Structures are given as C-alpha cells and as structure tokens.
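Basis for what follows: all heavy atoms, side chains included, without hydrogens, waters or symmetry-related copies. Quick caveat: nothing in here was measured; it's all calculated off a predicted structure.
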Amino acid sequence: MTMFSYITLLATLTIFISTCTVRSCPPSDRAALLAFKAALHEPYLGIFNSWAGIDCCHNWYGVSCDMETKRVADINLRGESEDPIFQKAGRSGYMTGSISPSICKLKRLSSLTIADWKGISGPIPACITSLPFLRILDLIGNRLSGQIPEDIGRLRRLTVLNIADNLVTSRIPRSLTNLSSLMHLDLRNNRIWGSLPRDFGRLRMLSRALLSRNYIGGTIPDSISKIYRLADLDLSLNRLSGEIPASLGKMAVLAKIKLDANNLSGKIPYSLFNSAIGNLNLSKNSFHGYLPDVFGPGSYFMVLDLSYNNFWGPIPKSLSQASFIGHLDLSHNRLCGRIPAGPPFDHLEASSFAYNACLCGKPLGACR
C-alpha cells in the first residue's frame, strides 16, 4: 500500500467514525441508560435485550431520541401494553428494582413513563426536578414510596404528573401549584396526607384532578373554581371536612365531581344541581337538611348519588323536570313521603330509595 493510499484510507475511516459518532446518541446518554437498566430486574419479557450496541437511539426498546440533537428525549416503558412482546409472552409485565438517579443525566428528556410494572420500589429520584424539558412524568402502577419531590414546581413544562397506584407518603408540595402547564394530575391510591394547597386554583391549565384514596384532610379550596378548564375532579375516599364551595357549581366545563366517602357536612350548594355537572357523587358524607327543590331543564345527570347522608323531608318534585337522570341513589338517608310519579322515577329500582325513614310508592310499597 502506497503512502497516498494509506492516508486516503485513514481519512475515509476518520470520516466514517465521525459520521457514526454524530448519528449515534452521546456516550453520556448511553451510560445513563445502562445505569438506569442496571437498577432494574425484568425476568419475563426480556425488554432490555435490545439495549445493546453503541447507538441507544437505534432499536433500543422504549427509547426515542431527538432527530436533530440525537439526545434521548423519551423513555416509554409500560408493563401493560398491546406490543407484540407482551402478546407473545401472554402476560403483563413485572419488574423489580428502583428508578436510578442516573436518569437525571438525560438532560433533554421530555417524557418519562415507567408504568404498571407492579414491583418497582424505592423513591422518586429528587433530581427529577432538574430536567428542564420534562413534559410527562408517568409512574403509575408501581410500589414507589417516599415523597413527591418538594421542588416539583421547577418543572414548568410539565403537562402530565401521574404517580397513581403507588405507596407515596407525603404532603402535596406547596410548589406543585407552580406547574403552570399542568393539564393532568393523578395522585390516586397513595398515602398522601395533609391538606390541599389553598392556591390550588393557580393550576389554570388543569383539566383532570384525580386525588382519591388518600388521607387528604382540611377543606376544599374555593380557588379550585378559578381553574376554568377543569372537567373532572375526584377527591373521593379522603378525610375532607367542611362545606362544598358554592363556586364549584358555577364552573363552565366541570362535568364530574366525586366527593364520596369524606367527612363533608352542611348543605349542598344549589348551584351543583343546575350546572354543567353530569356526574355528581356526594355519598357517604354528613350532609343534612332538606334536598333543595331546585332541579329543572338544566339538570342533566348520568349519575346523581346522594346516598348514606342525613337528608330528611320529601323527595323534591322538581326532579321530574330534569332533562335526564340516569342513575339516582337516595338510599340510606332519612327521607319521608311519597316518591313522585313519572320519569325519572319510573325506571329506577327499589334500591335507589331503600333504608330511609318513611318513603313509599313505586318502586317501594304502596302508601297508606
């Protein structure tokens, strides 16, 4: 080989290696992913078998990169999926181990989904709040414990925060209300305690707030009514007390409220019965007094559940004027008198009226 040929070959190899390096993910991102993988154990599906080679942007299961920068942008690992790897195994996923803080070295990460693996434990890495581009954090369905990072509010681009179905034990961080882009908040089925931030209404982009099955106490903040996009509010199975803010019934798009199984009391605001709310569950609380006779054409309920409270007096006749009532449950109260005739009462079962003081008429026994 002549010197010219040798130099040409060397130049060609240099260009080839440089091109491969540019097109591959950075070694630092690859090292961070491998450290993340090392902290986990997935015994059945072999989803990490593809995590080999120098380019973590190419055919690494659940990993996606930015087309221009080649930095890791998305990690999407779901333990319940229609992906062929799950169909072939004929089972859902199971994974143990913990989420390594090495994940925080992926500085261009936009979404992190590690969901429904059932056995991943340990804390949510506090350093997760140092990822400035993070938009989705979905850790549902594991056994994560410890706290929600106190400075979670640093993630100003975050649109989805889902840590439901874990063992998280903490207050709701005060900084949470700094998440000005948050649209979906799901903290259900954890061990979260304390009260809701009084300035919860600062989450102006929020459309779903799901916080059921926790130990949240205190009162419902009136500021919630300032979240004009909110459509679904679930605070059921907590320890909330006090009255329902009347302003909730004046929200333009709020369609579903679940406040069942709390310690709420007082009278129900009339505004809840003539609003956009079509699914209202206030059962298993300590509400009392007469049911307001304020229903009308603006009342449209797929579900209206007022059972297990302390309501007395007659069933409001104006319920017959509602546009629609699909499921109505007035059982386990102290109601008395004749059940009104006609819709919606003519399609309801006796269980909707059972265990009251002295209700009578169809579908219960005849009045004397």
Side-chain angles (χ1 to χ4, degrees), residues 1 3-89 93-117 119-139 142 144 155 157-158 160:
M1 177 181 293
M3 180 60 71
F4 178 77
S5 299
Y6 175 77
I7 293 173
T8 302
L9 178 61
L10 184 62
T12 302
L13 287 173
T14 302
I15 294 171
F16 176 76
I17 292 171
S18 298
T19 302
C20 289
T21 302
V22 170
R23 291 180 179 175
S24 302
C25 68
S28 58
D29 280 15
R30 180 178 179 275
L33 287 173
L34 292 178
F36 165 75
K37 169 188 170 183
L40 297 168
H41 177 58
E42 192 282 295
Y44 300 114
L45 302 174
I47 65 165
F48 290 126
N49 291 345
S50 64
W51 286 31
I54 63 170
D55 188 4
C56 61
C57 294
H58 184 66
N59 290 336
W60 282 37
Y61 184 89
V63 178
S64 300
C65 297
D66 182 87
M67 299 261 318
E68 294 183 3
T69 66
K70 299 302 178 184
R71 298 294 305 272
V72 173
D74 304 293
I75 297 176
N76 186 5
L77 300 174
R78 294 189 178 276
E80 296 180 2
S81 170
E82 296 182 359
D83 190 278
I85 196 171
F86 291 85
Q87 296 179 355
K88 183 177 179 180
Y94 180 77
M95 194 186 300
T96 57
S98 61
I99 300 175
S100 170
S102 64
I103 207 77
C104 304
K105 295 179 181 179
L106 301 171
K107 293 300 183 183
R108 300 292 301 189
L109 199 62
S110 175
S111 69
L112 176 61
T113 298
I114 309 169
D116 298 315
W117 292 103
I120 297 177
S121 58
I124 301 169
C127 62
I128 210 85
T129 62
S130 68
L131 298 174
F133 298 97
L134 197 63
R135 296 180 182 274
I136 296 173
L137 180 59
D138 186 351
L139 306 175
N142 292 292
L144 299 173
L155 299 174
R157 287 182 169 88
L158 200 67
V160 174

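- Residues Asn76 and Val63 fail the side-chain proximity criterion, which asks for heavy atoms closer than 4.5 Å.
- Using modelled atom types, no side-chain atom of Asp83 and backbone atom of Phe86 make a donor-acceptor pair closer than 3.5 Å.
- Trp60 is not listed as a side-chain neighbour of Val72, based on a closest heavy-atom distance of 4.5 Å or more.
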Could you go through the side-chain contact (heavy atoms from CB on, under 4.5 Å) check for Ile75 and Thr113 one step at a time? CA-CA 6 Å; Ile75 297 176; Thr113 298; over 6 Å; no

Verdict with supporting geometry, Ile114 and Ile99, side-chain contact (heavy atoms from CB on, under 4.5 Å): CA-CA 9 Å; Ile114 309 169; Ile99 300 175; 4.0 Å; yes

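- Contact check for Leu137 versus Val160: no side-chain heavy atoms found under the 4.5 Å cut-off.
- With hydrogens and angles disregarded, no donor-acceptor distance shorter than 3.5 Å links the side chain of Glu80 to the backbone of Gly93.
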Output, in order, the C-alpha distance, side-chain angles, deciding distance and verdict of side-chain contact (heavy atoms from CB on, under 4.5 Å) for Phe36 and Leu106. CA-CA 11 Å; Phe36 165 75; Leu106 301 171; over 6 Å; no

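- The line from CG of Leu34 to OG of Ser100 is 11.0 Å long, rounded to the nearest 0.5 Å.
- Asp74 contributes no side-chain N or O that, together with a main-chain N or O of Leu112, makes up a donor-acceptor pair within less than 3.5 Å.
- A side chain to side chain donor-acceptor pair (under 3.5 Å) check over residues 34-53, counting only residues at least two apart or in different chains, returns nothing.
- A 4.5 Å side-chain heavy-atom check between Met95 and Asn142 finds every atom pair outside the cut-off.
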Please step through side-chain contact (heavy atoms from CB on, under 4.5 Å) for the pair Ser110 and Arg135, ending with a clear verdict. CA-CA 5 Å; Ser110 175; Arg135 296 180 182 274; 3.8 Å; yes

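- A salt bridge links Asp29 with Arg71: the distance from a Lys NZ or Arg NE/NH1/NH2 to an Asp or Glu carboxylate oxygen falls below 4.0 Å.
- The shortest non-hydrogen separation linking Ile128 to Leu134 is CG1-CD2, 4.3 Å.
- Remark: the backbone N or O of Gly53 is paired with a side-chain donor or acceptor of Arg30 at under 3.5 angstrom.
- Residue Glu82 places its CD atom among 12 or fewer non-hydrogen atoms of other residues, nucleotides or ligands, all under 6.0 Å distant.
- At a threshold of 4.5 Å between non-hydrogen side-chain atoms, the residues Phe48 and Leu77 count as touching.
- Nearest heavy-atom pair across Ser130 and Lys107 is OG-NZ, 3.4 Å.
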Derivation and outcome, disulfide (SG to SG under 2.5 Å), residues Cys65 and Cys56: CA-CA 8 Å; Cys65 297; Cys56 61; 4.9 Å; no

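- Contact annotation: the side chain of Leu45 never approaches that of Tyr94 to less than 4.5 Å [non-hydrogen atoms, C-beta and beyond].
- Taking each heavy atom of Ser24 and Asp55 in turn, the nearest pair found is CA-OD1, 3.5 Å.
- The shortest heavy-atom contact between Pro101 and Cys127 is O-SG, 3.6 Å.
- Residues Thr96 and Trp117 have side chains not in contact (no heavy-atom distance under 4.5 Å, counting atoms from C-beta outward).
- Taken together, the cysteine pair Cys57 and Cys25 keeps its SG atoms at least 2.5 Å away from each other.
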